[in-house]
Amino acid sequence: MAAEELVNSSHWGAFTASLDEQGLSVTPDPADPDPSELLRNIPASLDKGVRVLHPSVRRGWLEDGPGPSARRGSDEYVEVSWDRALDLLAGELERVRSTYGNPAIFGGSYGWASAGRFHHAQSQIHRFLNTIGGYTRSVHSYSHGASSVLLPHIVGDEAPLYRPTTWNVLSEHTDLFVCFGGIPAKNVQINAGGISRHTVRESLERARARGAEFVTISPLADDLATVTDAQWIPVNPATDTALMLALCWVLLNEGLCDLEFVDRYTVGFEEFARYLRGQTDGIAKTPGWAANICGIDASTIGDLARRMAAGRTLVTTSWSLQRARFGEQPLWASIALAAFLGQIGLPGGGFGHGYGSTGGMGAGKLPYPLPTFHQGVNSVSDFIPVARISDMLLEPGAGYEYNGQSRVYPDTKLIYWAGGNPFHHHQDLVRLRAGFQQPDTVVVHEPFWTATARHADIVLPVTTTLERNDIGCGRYDEIMTAMQQISPPVGESLSDYAILTELSKRLGVEEQFTEGRDEWGWLEHIYERWREAIPDRFTPAQDFGEFWASRHLDLPGADAKHVLFEDFRSDPEKYRLATPSGRIEISSSTIAGFGYDDCPPHPTWLAPAETVDVGSGPYPLCLVANNPASRLHSQLDNGAVSVESKVLGREPIRLNPVDAAARRITTGDIVLVRSDTGDMLAGAVVDDRVSGNVVQISTGAWFDYSSPDVAACIHGNPNVLTRDTGSSKLAQGSTGQLVRVEVEVYRGEVPDVVVHDQHRWMSPT
């Protein structure tokens with residue numbers, strides 16, 4: 001008898017699946033015009049060889065009790081019953097709360113764990129911690145931390161991140177796409193909460209067929225892989241701001257700047273113009289000046305500026321540009337450049353930020369909220385920027401600057417982490433390891449034995465989306481999916497909700513946390529509450545039972561014809577921006593008042609270390625550490641697509657043929673990659689789509705520190721190389737995109753990668 005086919009969803013697409021003695025079979029939704037290959041990773045979710053099968057407690061913590069420990073990350077684990085694990089955890093939470101207060105608990109969670117609305121790990125852990133008095137939290141994201149802080153100062157809010165001009169408008173109206181950082185095809189497979197229809201490729205093809213032209217400005221030619229005839233300008237990494245300033249100079253110098261627009265809709269133009277002309281620092285930001293910095297011809301810059309002024313032009317910057325030192329500057333400069341062109345608020349013109357970063361960017365946004373598992377209210381006011389977790393753990397009580405505030409890092413005694421993998425996202429992983437050794441206790445909910453789990457004292461096995469029921473939907477997707485349980489739980493895994501329910505009983509807050517509902521009761525409750533709350537014209541006729549039986553529900557009303565700042569352009573007084581001036585702030589008096597030397601009051605060229613003396617010194621190459629094509633962040637690195645991408649079991653690192661030849665490196669070699677922060681092994685791939693003096697490796701290879709005598713990571717996780725420093729005092733955003741390195745053939749005995757095999761990794765040392 002054939003196994004029943006059930007419906008489920010992921011951040012990279014909806015699918016049907018069946019499970020029998022042959023294993024898990026996954027089939028893309030037939031209505032998806034461009035389904036993601038990443039669906040082939042999903043069967044690895046059930047791989048017992050890498051799953052946490054039982055509640056486990058680190059031996060040193062079990063024997064010696066709570067406290068800082070250098071054994072965290074290398075100790076062995078003892079499997080215990082669920083009752084014992086939860087009793088230990090409840091007692092430790094109560095000890096920390098009563099002794100140090102709730103600010104001593106850091107509630108770590110970083111999204112992407114599930115496309116479901118109920119089994120959303122971040123909502124689950126935050127709701128639980130709020131019922132016991134709150135927790136210290138993190139704010140913003142590794143993806144666009146600098147942008148999230150900067151944009152409210154410049155345009156009043158984060159609308160460019162969450163409601164940009166839609167692809168339907170761009171494909172019909174844009175003449176020239178100028179793409180700083182490209183529009184990477186690999187990233188548009190992904191959307192938080194799910195993506196039932198992958199349509200970005202179709203939108204780009206429709207624009208190209210209409211005659212639109214594309215320019216990709218990046219050290220990687222394939223950052224705009226979906227448009228085969230795009231012009232590639234191979235700019236040096238981290239020099240986009242200099243190029244944008246020179247483009248502004250050309251527009252100003254040649255009378256192509258829309259002075260009427262900047263006068264009516266912006267403030268700070270004159271101050272910025274003086275800087276461009278060199279009247280404030282003695283350096284005119286001419287194409288000749290920028291050419292030496294960017295590694296491209298001055299004539300290329302002048303020609304591009306004139307092309308941009310000749311038609312409807314979209315200036316778009318990828319999120320990657322702001323994940324670097326002084327990362328606020330390229331975004332700010334791109335907004336100034338778009339203001340000079342005078343097309344902000346016009347269909348197909350203006351600026352965008354993050355097209356190609358996810359499949360949701362540029363899709364129509366639904367005009368109503370989605371079903372939500374409410375997190376409650378956090379009574380603790382303490383927070384940190386998300387990329388500053390090592391600083392918090394290593395420097396409790398130390399002061400730091402952030403967005404005009406002087407803040408102090410809290411003293412963290414207990415980390416409770418559910419959802420996300422900081423040993424993927426964070427920089428300088430050796431330093432993060434040292435940070436994780438400082439608290440009294442680290443608790444992790446994890447399906448897999450990731451490095452995060454291996455640095456915990458209490459590891460609680462949680463189910464994946466295949467092992468529970470949920471409701472899948474995203475704010476940029478027009479389909480709601482019944483996520484049906486396909487597999488029984490692996491080992492003794494429980495859902496986050498089941499774990500926290502049992503914990504809440506022990507701490508006397510069960511009613512506040514559960515409100516008397518089990519999983520099925522919550523699914524029906526959040527669906528029906530949502531159905532009652534949305535506007536009548538969008539209310540679905542199906543009750544929860546009917547929705548579940550039909551498996552899918554259309555979500556109408558998405559605005560597919562949205563133009564960013566269209567209302568503001570039509571009437572800048574009626575639709576004032578939420579900036580101090582009500583207008584776009586090319587120069588910000590607020591930021592000027594902060595007095596930050598690393599974030600001046602207008603777009604400014606500040607040279608990141610990666611741009612200085614490229615091609616020389618002990619680390620002559622600039623490594624670009626971008627998102628992977630073979631997985632979502634580090635999720636399912638053991639999946640088929642991810643494993644197939646490896647070179648001899650290591651993450652592939654791409655080198656330009658000239659750089660490879662100079663180092664006698666050929667495709668297939670195992671190479672040692674060194675920075676002033678750390679070192680790693682990787683598998684070499686020689687590729688002429690990478691600029692000279694540049695190498696590229698994707699993030700997300702599971703951190704394998706099992707052979708420290710060889711390298712800090714033998715699997716190819718670039719975050720052992722990157723520096724743990726903030727973008728600036730303004731945002732303190734992640735700077736993990738770039739680092740200077742040297743690469744050489746590894747001549748020693750090559751150790752096995754063991755991070756995907758819990759039995760080998762977990763052997764006592």
Side-chain angles (χ1 to χ4, degrees), residues 50-100 104-108 125 389-390 392-396 411-418 421-423 426 428-462 491-493 499 503 506 702-709 712-714 720 754-755 757-765:
V50 76
R51 288 291 295 266
V52 180
L53 300 177
H54 309 283
S56 300
V57 181
R58 186 175 64 80
R59 183 174 294 282
W61 191 92
L62 195 61
E63 295 176 349
D64 302 332
S69 176
R71 292 170 62 181
R72 221 171 260 141
S74 59
D75 208 350
E76 64 178 322
Y77 285 84
V78 178
E79 293 177 350
V80 300
S81 68
W82 269 111
D83 279 342
R84 188 177 185 198
L86 293 169
D87 286 345
L88 288 169
L89 176 51
E92 179 61 359
L93 283 166
E94 191 57 46
R95 182 189 74 86
V96 171
R97 283 199 304 158
S98 61
T99 305
Y100 305 104
I105 300 172
F106 181 74
I125 186 61
I389 183 171
S390 290
M392 176 188 73
L393 296 174
L394 292 167
E395 304 171 18
D411 189 358
T412 301
K413 299 298 182 181
L414 187 148
I415 296 175
Y416 200 148
W417 205 287
N421 180 7
F423 282 90
H426 202 70
D428 192 349
L429 294 183
V430 174
R431 185 169 186 258
L432 183 63
R433 289 194 71 195
F436 262 63
Q437 292 170 353
Q438 304 311 306
D440 288 354
T441 301
V442 178
V443 185
V444 169
H445 291 197
E446 254 292 357
F448 308 104
W449 279 110
T450 63
T452 302
R454 298 179 200 280
H455 286 80
D457 301 305
I458 301 174
V459 184
L460 303 180
V462 293
E492 289 189 275
S493 298
I499 294 169
L503 199 56
R506 287 163 168 81
W702 285 5
F703 179 31
D704 191 331
Y705 53 91
S706 61
S707 299
D709 54 324
C713 179
I714 61 170
V720 298
V754 298
V755 72
D757 186 342
Q758 66 156 325
H759 304 291
R760 295 172 67 187
W761 184 273
M762 295 296 288
S763 299
T765 57

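Computed from a predicted structure; not experimentally measured.
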The side-chain contact (heavy atoms from CB on, under 4.5 Å) partners of Pro439 (sequence neighbours excluded) come to Arg72, Leu393, Ile415, Val442
Here the gap from Leu432 atom CG to Thr452 atom OG1, rounded to the nearest 0.5 Å, amounts to 7.5 Å
ask   = Under 6.0 Å from the six-membered ring centre of Tyr77 and within 45° of its axis: does the NZ or CZ of Arg59 meet both?
value = no
key: Minimum side-chain heavy-atom gap Leu429-Tyr705 below 4.5 Å   = no
Review point. Mind checking whether Val443 and Leu89 have side chains closer than 4.5 Å, heavy atoms only?
Key: yes
key: Side chain to side chain, Trp449 and Val459, heavy atoms closer than 4.5 Å   = yes
Those residues at least two apart in sequence (or on a different chain) that pass side-chain contact (heavy atoms from CB on, under 4.5 Å) with Asp64 are Arg71
| query | Are the side chain of Thr99 and the backbone N or O of Val96 linked by a donor-acceptor pair below 3.5 Å? | reply | no
Trp417 vs His445, side-chain contact (heavy atoms from CB on, under 4.5 Å): CA-CA, chis, key distance, verdict: CA-CA 6 Å; Trp417 205 287; His445 291 197; over 6 Å; no
Within the structure provided, determine whether Trp82 and Ile499 are in side-chain contact (heavy-atom separation under 4.5 Å). yes
Taken to the nearest 0.5 Å, the spacing of Trp61 CH2 from Asp440 CG works out to 10.0 Å
Query - Pair Leu93-Leu503, side-chain contact (heavy atoms from CB on, under 4.5 Å): steps then yes or no - result: CA-CA 10 Å; Leu93 283 166; Leu503 199 56; 3.8 Å; yes
Quiz item: Is a side-chain donor-acceptor pair under 3.5 Å present for Ser81 with Asp83?
Solution: no
Distance col, row Ser74:OG vs His455:NE2, nearest 0.5 angstrom, shows 8.0 Å
Quiz item: Are side-chain heavy atoms of Asp428 and Val430 found at a separation under 4.5 Å?
Solution: yes
dist Asp87:CG -> Arg506:CZ (nearest 0.5 Å) comes out at 4.5 Å
Smallest heavy-atom separation, Cys713 atom then Trp702 atom, equals SG-O, 4.4 Å
- request: Find out whether Thr450 and Phe423 are in side-chain contact, i.e. whether some heavy atom of one side chain is under 4.5 Å from a heavy atom of the other.
  value: no
Notebook entry, point to check: Hey, is the main chain of Gly491 close enough, under 3.5 Å, to the side chain of Ser493 for a donor-acceptor pair?
Noted result: no
Residues Pro55 and Leu460: closest non-hydrogen pair is CB-CD2, 4.4 Å
Here the gap from Asp704 atom CG to Ile714 atom CD1, rounded to the nearest 0.5 Å, amounts to 4.0 Å
- Query: Is there a donor-acceptor pair closer than 3.5 Å between any side-chain N or O of Asp75 and the backbone N or O of Arg58?
  - Reply: no
- Message: Could you check whether any side-chain heavy atom of Gln437 comes within less than 4.5 Å of a side-chain heavy atom of Ser69, counting everything from C-beta outward?
- Response: no
Exercise. Are Ile389 and Phe106 close enough that some pair of their side-chain heavy atoms sits under 4.5 Å apart?
Worked result: yes
To the nearest 0.5 Å, atom CD1 of Ile105 lies from atom NZ of Lys413 at 13.0 Å
